[in-house]
Amino acid sequence: MILVLAGGVGAARFLKGLVQVAPPADIVTVVNTGDDTELHGLSISPDIDTVTYTLADAIDPTRGWGLRDETWRAMEALARFEDVRPKHSHAAPRWFNLGDQDLATHFYRTARLREGATLAEVTDEIRRAFEVTVQILPMSNDVVRTHVHLEKETVTFQEYFVKLKHNVAVTGVDFEGATTASFIDLSLIENAARIIIAPSNPIVSIGPMRALAGIDNALSQVRDKVVAISPIVAGTALKGPADRMLVELGHEPTVVGVARLYKEICGTLVIDQQDAHLASDVEKTGMRCVVTDTIMSRPGVSMALAQCALDAVDIQGGK
Ligand code: FO1
């Protein structure tokens with residue numbers, strides 16, 4: 001079994017490539033839930049939905065989140081209440097865009113969670129409804145929420161990422177609930193033939209998982225079969241704020257900075273050709289370094305990148 005630790009858009013694109021070079025039934029992906037949020041009384045799991053929709057070929061290709069051919073009638077209808085809404089009320093927020101078809105997913109997840117279903121059960125029902133073969137699991141059935149500390153306030157991840165368009169300096173992040181939450185299934189780490197850390201934000205997509213008890217220890221025991229793909233290319237993140245966050249939180253916004261974050265839990269880092277000159281510096285951190293094309297916007301790259309990640313573990317002599 002191939003275990004993929006995934007965040008949102010970059011991980012979803014990578015998984016699209018992986019299913020072309022490995023049997024989908026052989027792939028289990030554990031997805032970050034630190035981005036999850038409650039709005040309109042609905043339980044929303046953006047990274048899980050991005051992975052599910054992408055693997056179902058239902059994702060909106062331009063946005064990278066939400067469903068294709070989407071309409072926004074419900075969101076537009078909420079505008080009517082803005083003038084009458086009392087100052088203190090949080091009802092009818094319109095900064096987080098929920099498409100009309102996307103709402104169906106949140107209606108279903110919210111109702112099933114209220115009936116006592118676990119997030120893993122609901123996630124599995126939704127991926128089966130979208131006819132996805134890859135097994136999709138939340139990192140935990142317990143609530144974990146990423147909070148982003150700014151100069152003057154602390155906000156939820158979605159307030160940082162969407163409402164503030166991540167256009168604001170971060171002074172810290174923490175993962176509320178992580179100290180008591182349980183990772184979905186530690187045996188996945190022991191039993192996986194290969195573990196791939198997808199090209200996701202090391203701080204707020206992979207970080208929440210690593211904050212769960214036992215994860216870093218379990219991964220470090222099997223680090224030779226763990227391979228990560230750097231989400232940073234030539235000092236920048238291909239999508240999202242990972243590069244700025246790394247700097248703001250005191251890390252180097254380069255593949256060497258990523259290697260320093262991952263070296264305890266991961267034996268190999270896959271970096272882009274543009275960073276080939278840094279391969280020896282990556283290896284000085286104690287990780288093996290593989291150089292290839294990691295820019296998945298070009299067709300066929302995600303497939304070749306997935307094959308490269310699989311081969312990297314074989315060379316390691318991982319099982
Ligand atoms: N991202 C945005 O930039 N703007 C949005 O309005 C927005 C809405 C949204 C709704 C559902 C969903 O599953 C994802 C959504 N995203 C939106 C993306 C989301 O904020 C990010 O994909 C992740 O949280 C970060 O990986």
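Both ligands and their constituent atoms are indexed starting at 1 by order of listing. For this chain, numbers begin at 1 and follow the sequence in order.
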Identify the heavy atoms of [X] and [Y] that sit nearest to each other, and give their distance.
| X | Y | answer |
| --- | --- | --- |
| P202 | L261 | CB-CD1, 3.9 Å |
| T50 | W65 | OG1-CB, 4.0 Å |
| A309 | I229 | CB-CD1, 4.2 Å |

Can you tell me the protein heavy atom closest to [atom] and the distance?
| atom | result |
| --- | --- |
| atom 4 (N) of ligand 1 | V162 CG1, 3.4 Å |
| atom 17 (C) of ligand 1 | W65 CE2, 3.4 Å |
| atom 21 (C) of ligand 1 | F161 CE2, 3.8 Å |
| atom 13 (O) of ligand 1 | P46 CA, 3.3 Å |

- prompt: For the hydrophobic clusters of this structure (ILVMFWY residues joined by side-chain heavy atoms under 4.5 Å, transitively), does one cluster hold both V233 and M296?
  reply: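 No, because V233 and M296 fall into different hydrophobic clusters, even though each may have its own neighbours under 4.5 Å.
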query: With hydrophobic residues grouped by side-chain heavy-atom distances under 4.5 Å, do L67 and L15 end up in a single group?
result: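 Same hydrophobic cluster.
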message: Against ligand 1, does F157 come closer than 4.0 Å with any heavy atom?
response: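 It does; at least one heavy atom falls under 4.0 Å.
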Flag for Y160-T146: side-chain donor and acceptor within less than 3.5 Å: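 Short answer, no.
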field: Candidate with minimal heavy-atom separation from atom 23 (C) of ligand 1, of T52, D49, D35, N32
entry: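 Result: the heavy atom closest to atom 23 (C) of ligand 1 is in D35.
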message: I232 and side-chain contact (heavy atoms from CB on, under 4.5 Å): which single residue from V256, L238, L246 fits?
response: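 Single pass found, and it is L246.
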message: So does K16 get a backbone contact from the side chain of Q20, meaning a donor-acceptor N/O pair under 3.5 Å?
response: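 Side chain of Q20 to backbone of K16: a pair is present.
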Ignoring angles and geometry beyond distance, decide whether [X] reaches within less than 3.5 Å of ligand 1 through its nitrogen or oxygen atoms.
| X | value |
| --- | --- |
| Q158 | yes |
| S45 | no |
| D47 | yes |

query: Which atoms of ligand 1 sit under 4.0 Å from any heavy atom of D102?
result: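 By the 4.0 Å cutoff, the relevant atoms are 11 (C).
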task: Pick one of side chain, backbone, both or neither for how N201 approaches ligand 1, counting any non-hydrogen atom pair under 4.0 Å.
output: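 Neither; no heavy atom under 4.0 Å.
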